[in-house]
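Model, not experiment: these values are computed from the prediction.
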Amino acid sequence: MALTGRAALLAALGSLPVGIWEPSWTGILAVNAPLAVACACDFALAAPVRRLGLARSGDTSARLGEAADVTLTVTNPSGRPLRAHVRDAWPPSSWQPGTEVEASRHQLTVPAGERRRLTTRLRPTRRGDRQADRVTIRSYGPLRLFCRQGTHKAPWTVRVLPPFTSRKHLPSKLARLRELDGRTSVLTRGEGTEFDSLREYVPGDDTRSIDWRATARQTSVAVRTWRPERDRHILVVLDTGRTSAGRVGDAPRLDASMDAALLLAALASRAGDRVDLLAYDRRVRALVQGRTAKDLLPSLVDAMASLEPELVETNARGLTATALRTAPRRSLIVLLTSLDAAPIEEGLLPVLPQLTQRHTVLLASVADPHIARMATARGNTDAVYEAAAAAQAQTERDRTAEQLRRHGVTVVDATPDDLAPALADAYLALKAAGRL
């Protein structure tokens with residue numbers, strides 16, 4: 001490894017014969033004048049760093065867990081070649097732990113009057129905006145004895161979007177949706193369904209769906225099919241208060257709620273329904289309204305990217321009033337919040353009738369799978385106490401859910417992996433029953 005600056009000079013001095021060494025700076029400089037000249041020439045031949053031109057290009061967004069490549073173009077306007085070490089600094093959450101040094105440091109050579117590109121690959125570990133910090137360049141001479149160092153600002157932002165891992169469930173939910181649309185099986189009639197077509201009776205069909213007039217005009221029994229009405233309004237409400245900050249596994253509850261909201265939005269938009277998003281705790285954190293089916297998902301993931309749980313108690317009255325203003329007509333309101341007894345009983349239940357008398361309300365909550373594992377623990381005193389605590393916690397959640405159901409609320413309580421498909425199934429069930 002090459003030594004630089006004073007270290008190289010002292011190393012050279014240390015290699016001199018003992019008889020020549022004198023504790024006199026005059027003697028040292030006289031003997032090592034060639035080395036000093038070499039150091040000065042090496043410093044003079046190092047390309048200046050202040051005049052360098054820096055420009056960025058590359059990815060501006062990436063899903064959490066995926067890579068983002070950002071290219072830095074370095075232009076050397078001087079008449080000397082640039083031999084440099086470059087550190088492209090980003091926030092620590094821009095890389096997987098332990099990979100920052102390798103990913104952010106580069107070696108670069110730029111001939112005089114030319115430009116070169118280097119690429120920094122980010123692998124963010126958190127959602128939100130990741131902004132480039134500073135670019136530090138250390139320029140060496142040909143002998144690498146001395147160097148020039150400078151820092152430049154080269155702004156760039158990469159927005160880290162929610163991963164939308166539940167999209168793997170979308171094909172199966174769309175198949176179920178096609179069944180509801182009457183394409184592959186007969187539907188039952190409900191409040192929110194409309195006549196679709198006639199088809200021939202097959203064993204197992206509901207006899208109440210037989211159209212006797214059409215049957216009299218043909219040789220086979222005709223059956224009416226019904227399909228759910230389209231163009232219904234769905235308002236997805238994300239509770240971003242303190243309860244959404246609780247971690248379940250490796251991520252806060254809010255992340256699982258957002259993933260479930262994305263699957264629901266993708267499914268509902270395919271069903272011809274209109275979907276809006278409201279994120280609220282004590283004020284509006286995000287609002288997405290009036291998007292077309294094509295623009296809906298990009299708008300939602302962009303709005304969710306920068307959402308973080310706020311360590312404040314959610315204002316249930318403010319949330320209810322804002323939801324009513326956002327959905328003035330009859331809608332399906334999907335509230336993604338906690339099933340903890342205190343926030344529900346003291347905050348939501350007193351204002352819930354304002355929502356249920358005008359809208360259909362569906363509440364979805366993230367359950368902790370660790371509670372279920374604790375409930376089955378046995379073998380020693382500590383395990384028995386853990387099982388008792390888990391049973392008590394689950395009983396409280398069940399009691400809270402039953403209180404909500406008595407108010408006409410559909411409740412979905414599932415673990416992070418199961419919440420998104422369970423919420424989609426609840427939406428399809430409401431649609432099939434004509435309750436939208």
Practice problem: Tell me, with the steps shown, if Leu118 and Thr71 meet side-chain contact (heavy atoms from CB on, under 4.5 Å). | Solution: CA-CA 6 Å; Leu118 56 88; Thr71 300; over 6 Å; no
Quiz prompt | Check against side-chain contact (heavy atoms from CB on, under 4.5 Å), Ile333 and Thr360 | solution = CA-CA 6 Å; Ile333 294 183; Thr360 301; over 6 Å; no
Quiz item: Arg116 and Thr73: side-chain hydrogen bond (donor to acceptor under 3.5 Å, both in side chains), yes or no, with the steps?
Solution: CA-CA 6 Å; Arg116 292 291 185 272; Thr73 302; over 6 Å; no
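Sorted by first and then second residue, the pairs that involve residues 344-373 and meet salt bridge (charged side-chain N to carboxylate O under 4.0 Å, His left out), not counting sequence neighbours, are Glu345-Arg399. Note on residues 46-64: pairs passing salt bridge (charged side-chain N to carboxylate O under 4.0 Å, His left out), not counting sequence neighbours, are Arg56-Asp88.
With sequence neighbours left out, the side-chain contact (heavy atoms from CB on, under 4.5 Å) criterion links Asp129 to Thr157, Arg159. With sequence neighbours left out, the salt bridge (Lys or Arg N to Asp or Glu O under 4.0 Å) criterion links Arg117 to no other residue. Listed by chain and residue number, Lys173 satisfy the salt bridge (Lys or Arg N to Asp or Glu O under 4.0 Å) test with Asp425 (two or more places apart in sequence, or in another chain). Residues passing the side-chain contact (heavy atoms from CB on, under 4.5 Å) test with Glu310, sequence neighbours excluded: Asp281, Arg285, Val312. By the side chain to side chain donor-acceptor pair (under 3.5 Å) test, Asp239 pairs with Thr314, Thr337, sequence neighbours left out. Partners of Ala67 under the side-chain contact (heavy atoms from CB on, under 4.5 Å) rule, at least two apart in sequence or in another chain, are Arg121, Arg123. Scored by the salt bridge (Lys or Arg N to Asp or Glu O under 4.0 Å) test, Glu396 finds no partners at all (sequence neighbours excluded). With sequence neighbours excluded, the residues satisfying ring-ring contact (aromatic ring centres under 6.0 Å, His included) with His85 are Tyr140. Qualifying side-chain contact (heavy atoms from CB on, under 4.5 Å) partners for Ala367, counting only residues two or more places apart in sequence or in other chains: Arg397, Asp413.
The 12-atom threshold is exceeded at CZ of Arg148, counting heavy atoms of other residues, nucleotides or ligands nearer than 6.0 Å. Within 6.0 Å of CZ on Arg134 lie no more than 12 heavy atoms contributed by other residues, nucleotides or ligands.
Rounding to the nearest 0.5 angstrom, the gap separating the CG atom in Leu52 from the OG1 atom in Thr75 is 8.5 Å.
No side-chain heavy atom of Gln131 sits under 4.5 Å from any side-chain heavy atom of Pro91. A 4.5 Å side-chain heavy-atom check between Leu362 and Leu335 finds every atom pair outside the cut-off. Side-chain contact between Leu122 and Val158 is present, with at least one heavy-atom pair separated by less than 4.5 Å. With contacts defined as side-chain heavy-atom distances shorter than 4.5 Å, the pair His233/Leu332 does not qualify.
For the 3.5 Å distance criterion, the side chains of Thr322 and Arg325 qualify, holding a donor opposite an acceptor. For the residue pair Asp398 / Thr395, no side-chain donor-acceptor distance below 3.5 Å is found, with atom types taken as modelled. In summary, the side chains of Ser338 and Asp340 do present a donor paired with an acceptor at a separation below 3.5 Å, with no hydrogens or angles considered.
Screening Val86, Asn76, Leu72 against Leu108 for a side-chain contact (heavy atoms from CB on, under 4.5 Å) leaves a single residue, Val86. Tested against Leu238, the residues Leu278, Leu336, Val334 include a single side-chain contact (heavy atoms from CB on, under 4.5 Å) partner, Leu336.
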Less than 3.5 Å apart, which donor and acceptor atoms pair up between the side chains of residues 255-262 and the rest of the protein, not counting sequence neighbours?
from	atom 1	to	atom 2	distance (Å)
Asp255	OD1	Arg127	NH2	3.0
Ser257	OG	Arg253	O	3.2
Asp259	OD1	Thr165	N	3.0
Asp259	OD1	Ser166	N	3.3
Asp259	OD1	Ser166	OG	3.3
Asp259	OD2	Thr165	OG1	3.4
Asp259	OD2	Ser166	N	3.3
Asp259	OD2	Ser166	OG	3.2

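Taking a cutoff of 4.0 Å between a charged side-chain nitrogen and a carboxylate oxygen, Asp273 and Lys431 qualify as a salt bridge.
Under the 3.5 Å distance criterion, the side-chain polar atoms of His152 are left unmatched by any main-chain donor or acceptor of Ile137.
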